Amino acid sequence: MSQDQIQEHVDLIAKQEQDFLAHRTRSERIADTIASFAGNLAYVLLHVVLGAVWVAVNTLSIGRIRHFDPAPFSLLGTILAFEAILLASFILMRQTRMSRRADERDHLMLQILLLAEKETTAVLTMNREIAAKIGLQKMAGDKEIEQLSQHTSIDEVAQTIKQTLPTE
């Protein structure tokens, strides 16, 4: 495969991803931004610093600053619990969207594989016919090639997999 063909494929995949990102709703964009920031070291460091400042302000005597949340810091606990609920919701929203995208990719891959199977079957059939015409009877009559040149029933393959794989 040439470098131009590889770049064409990379560009096509990048376009698909850009289109998907461009069609997110406003709430999905907000959730993605928040989830991305929350998965960042800066977010962790910010919480460590804010937590340390909160505890220091509420335990140490710093100038005229009044203790507004004495130990055991119930206001801080309430704020962090509320933040955790919101953050979990944003992360679940993002995961749901990413799962939807993965499903779309899986469906696209299945369609491409089905098309490739159909094309391969057609090529094998033509090759067998060509082999027969030019006198390569052994090749044209090969049982494995003959079987491979037959249509593959996706439903039968799916049923076989379902029956063969162990259930949980």
Side-chain angles (χ1 to χ4, degrees), residues 1-121 148 151-168:
M1 185 178 287
S2 75
Q3 189 63 33
D4 288 342
Q5 290 172 324
I6 292 170
Q7 188 61 49
E8 182 181 330
H9 291 167
V10 169
D11 291 344
L12 182 60
I13 292 168
K15 182 186 177 305
Q16 290 285 320
E17 293 303 313
Q18 289 169 349
D19 287 349
F20 181 76
L21 291 174
H23 288 95
R24 292 178 297 171
T25 65
R26 188 167 193 244
S27 63
E28 288 173 333
R29 290 175 200 265
I30 292 169
D32 284 351
T33 301
I34 293 170
S36 291
F37 178 66
N40 188 318
L41 184 59
Y43 179 80
V44 174
L45 294 175
L46 177 68
H47 275 74
V48 168
V49 169
L50 289 176
V53 168
W54 188 286
V55 170
V57 165
N58 286 290
T59 56
L60 304 174
S61 295
I62 304 173
R64 295 185 185 194
I65 299 176
R66 193 171 148 241
H67 300 277
F68 56 90
D69 187 22
F73 313 111
S74 57
L75 180 59
L76 177 62
T78 302
I79 291 170
L80 291 177
F82 183 67
E83 178 188 18
I85 291 168
L86 290 176
L87 191 56
S89 297
F90 289 128
I91 291 170
L92 286 173
M93 289 169 59
R94 185 175 195 192
Q95 287 179 332
T96 299
R97 185 185 58 76
M98 291 173 72
S99 175
R100 190 175 69 234
R101 178 62 178 146
D103 288 346
E104 289 174 6
R105 284 189 193 120
D106 288 346
H107 292 172
L108 176 61
M109 182 59 75
L110 180 59
Q111 290 298 320
I112 291 169
L113 290 173
L114 290 172
L115 179 60
E117 190 280 329
K118 190 172 187 176
E119 291 170 348
T120 303
T121 299
L148 289 172
H151 172 73
T152 302
S153 170
I154 301 305
D155 289 333
E156 288 177 17
V157 173
Q159 282 301 104
T160 302
I161 290 171
K162 194 181 286 186
Q163 291 169 356
T164 305
L165 292 179
T167 58
E168 294 180 45

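A quick note: this is a predicted structure, and the numbers were derived from the prediction, not measured.
The shortest heavy-atom contact between Thr59 and Val55 is OG1-O, 2.6 Å. When all heavy atoms are compared, the tightest approach of Ala31 to Met93 is CB-CE, 3.6 Å. The heavy-atom pair separating Ile91 from Ala35 by the smallest distance is CG1-CB, 4.3 Å.
Here the side chain of Arg94 pairs no donor or acceptor atom with the backbone of Thr33 at under 3.5 angstrom.
With respect to Leu46, the side-chain contact (heavy atoms from CB on, under 4.5 Å) criterion is satisfied by exactly one of Val44, Val49, Leu50: Leu50.
Partners of Asp103 under the side chain to side chain donor-acceptor pair (under 3.5 Å) rule, at least two apart in sequence or in another chain, do not exist in this structure. Considering only residues two or more places apart in sequence or on other chains, Ser74 meets the side chain to side chain contact (heavy atoms under 4.5 Å, CB included) condition with Asp69. Gln163 is linked by a side chain to side chain contact (heavy atoms under 4.5 Å, CB included) to Gln159, counting only residues two or more places apart in sequence or in another chain. Residues that satisfy the ring-ring contact (aromatic ring centres under 6.0 Å, His included) test with Tyr43, not counting sequence neighbours, are Phe37, His47. Among residues two or more places apart in sequence or in another chain, the salt bridge (Lys or Arg N to Asp or Glu O under 4.0 Å) test is passed with Asp19 by Lys15. Legend: residues meeting side chain to side chain contact (heavy atoms under 4.5 Å, CB included) with Ile161, ordered by chain and number and at least two apart, are Val157, Leu165. With sequence neighbours left out, Gln95 forms a side chain to side chain donor-acceptor pair (under 3.5 Å) with no residue at all. With sequence neighbours excluded, the residues that form a side chain to side chain contact (heavy atoms under 4.5 Å, CB included) with Leu110 are Leu114. Remark: Gln18 engages no residue in a side chain to side chain donor-acceptor pair (under 3.5 Å) (not counting sequence neighbours). Qualifying side chain to side chain donor-acceptor pair (under 3.5 Å) partners for Asp32, counting only residues two or more places apart in sequence or in other chains: Arg24, Arg97. Annotation: salt bridge (Lys or Arg N to Asp or Glu O under 4.0 Å) contacts of Glu83 (sequence neighbours excluded): none.
Between Glu28 and His23 the shortest side-chain heavy-atom distance does not fall below 4.5 Å.
For residues 49-87, the ring pair (Phe, Tyr, Trp, His ring centres under 6.0 Å) pairs, not counting sequence neighbours, are Trp54-Phe68.
Under 3.5 Å, the side chains of Glu117 and Thr121 contain a donor-acceptor pair of N or O atoms.
In this structure, Leu92 CG and Leu87 CG are separated by 9.5 Å, a value rounded to the nearest 0.5 Å. The CG atom of Asp11 sits 12.0 Å away from atom CD1 of Ile6, with the distance rounded to the nearest 0.5 Å.
More than 12 heavy atoms of other residues, nucleotides or ligands shown are found within 6.0 angstrom of CD on Gln7.
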